[in-house]
2 protein chains.
Amino acid sequence: MTRTTNPNFMNGVPELLILRLLSEREMYGYELVQAIAEQTREMIVLGEGVVYPVLHALEQNGCLKSRRKAVAGRTRVYYAVTAAGQRRLKDLVSSWQSITNAVAELVKGVSHVPA
Amino acid sequence: MTRTTNPNFMNGVPELLILRLLSEREMYGYELVQAIAEQTREMIVLGEGVVYPVLHALEQNGCLKSRRKAVAGRTRVYYAVTAAGQRRLKDLVSSWQSITNAVAELVKGVSHVPA
DNA sequence: ATAGATTACCTTGAAGTTCTAGGTATGGCA
DNA sequence: TGCCATACCTAGAACTTCAAGGTAATCTAT
């Protein structure tokens, strides 16, 4: 039998960042795009083509709920995190931390010699 | 114009781990599969279907060189890091650290209020 | 002796995300 | 009037990674 691996262990960072920002306050897609770029000092720049599909997916599985709001004649779609979204965020954060810890350890010193 | 984003910013972790391990000593594919699982305490488990193609790609672009070695009647293909591979590893580590730092900051406190 | 597990290599096709590159429409500014 | 910024969206390509196989030799337990 070939080894069973982890289902796509490196993905879900856009999802994580978006949920995290929305857990502070409700925001709209375009705003999220800029907030992520600014707060990571352009280190991570997610285009609208990434953000919008993630928002839609998160709403469909109940992690977000949206409401339309007219601002200066323009329509914005604000998203807020649901209880399910909070749980999802918690899971994403902890698995992200596990992975980064694992990578960091291996990158630091390879001399671990178990048992 | 839509925002320019980073080309696949989350990938290349298998590549990073493999180069890192090989930078310590030459190893063969099957050995790498187990070493990664062991040293990350099963947190990251890369199957052979991931490891072998990465090894082939790294060799093709000059980051690794291989030599066949017969051990107990079996043939193993040992890989060693070249100078180009060392540079590649350095780049991967630093961009990985940039990303994890960026994510960590955003996950920790969203209150950054720039300028 | 022989069945099964382990070692050791490999590839193909599917799955899943993310990226590029568009499209639409309104409002503000020069 | 023309252009840029705001604000929404989607389709198709690109890229990794995954699952699942295939081959073959050695070792182990019966």
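Letters A, B, ... are given to chains in the order of the sequence lines, protein chains preceding strands, and every chain is numbered from 1. Just so you know, these numbers use all the heavy atoms, side chains as well, and skip hydrogens, waters and symmetry mates.
The salt bridge (charged side-chain N to carboxylate O under 4.0 Å, His left out) search around A:Arg25 returns A:Glu31, not counting sequence neighbours. Remark: B:Glu59 engages B:Ser66 in a side-chain hydrogen bond (donor to acceptor under 3.5 Å, both in side chains) (not counting sequence neighbours). By the side chain to side chain contact (heavy atoms under 4.5 Å, CB included) test, A:Ala84 pairs with A:Thr82, A:Arg87, sequence neighbours left out. Applying the salt bridge (charged side-chain N to carboxylate O under 4.0 Å, His left out) criterion to A:Arg76, with sequence neighbours excluded, gives no partner residue. B:Ala80 pairs by the side chain to side chain contact (heavy atoms under 4.5 Å, CB included) definition with B:Glu26, B:Lys65, not counting sequence neighbours.
For A:Gln34, no side-chain nitrogen or oxygen approaches OP1 or OP2 of D:dA5 to under 4.0 Å.
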Polar-atom pairs under 3.5 Å, protein N or O versus N or O of nucleotides 11-16 of chain C: list them with distances, or write none.
none

Protein N or O to nucleotides 27-30 of chain C N or O, pairs below 3.5 Å:
| unit_1 | atom_1 | unit_2 | atom_2 | d |
| --- | --- | --- | --- | --- |
| C:dG27 | O4' | A:Arg74 | NH2 | 3.1 |

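Spacing between atom CG of A:Leu32 and atom C1' of D:dT6 amounts to 15 Å, rounded to whole angstrom units. Here the P atom of nucleotide D:dT6 and the NZ atom of A:Lys69 are 18 Å apart, to the nearest Å. The distance between atom CG of A:Leu55 and atom P of C:dT18, rounded to the nearest whole Å, is 13 Å. As rounded to whole Å, 14 Å separates atom P of D:dC15 from atom CG of B:Asn61. Rounded to whole angstrom, the span from the CZ atom of B:Arg76 across to the C1' atom of C:dC10 amounts to 17 Å. Protein atom CD of B:Glu59 is 9 Å distant from nucleotide atom P of C:dC10, rounded to whole Å. Per the geometry, CZ belonging to B:Arg68 stands 13 Å off C1' belonging to D:dA24, to the nearest Å. Here the P atom of nucleotide C:dC19 and the CG atom of A:Leu46 are 6 Å apart, to the nearest Å.
Legend: ring pair (Phe, Tyr, Trp, His ring centres under 6.0 Å) pairs involving residues 18-56 of chain A, not counting sequence neighbours, sorted by first then second residue: A:Tyr28-A:Tyr78.
Of the candidate nucleotides D:dC9, D:dC18, D:dA5, D:dA5 has the atom nearest to the side chain of A:Tyr30.
Comparing B:Glu15 and A:Tyr28 along DNA chain D, the residue whose closest nucleotide (by nearest heavy atom) sits nearer the 5' end is A:Tyr28. Projected onto DNA chain C by closest heavy-atom contact, B:Tyr79 and A:Val13 fall at different nucleotides, the more 5' of which corresponds to B:Tyr79.
Considering only heavy atoms from C-beta on, B:Leu89 comes within 4.5 Å of B:Arg20 through its side chain. Residues A:Leu16 and B:Leu106 form no side-chain contact, since every pair of their non-hydrogen atoms from C-beta on lies 4.5 Å or further apart.
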Donor-acceptor contacts, no H, no angles, side chain residues 90-97 of chain B, under 3.5 Å, sequence neighbours left out:
| unit_1 | atom_1 | unit_2 | atom_2 | d |
| --- | --- | --- | --- | --- |
| B:Ser94 | OG | B:Asp91 | O | 3.3 |
| B:Ser95 | OG | B:Leu92 | O | 3.4 |

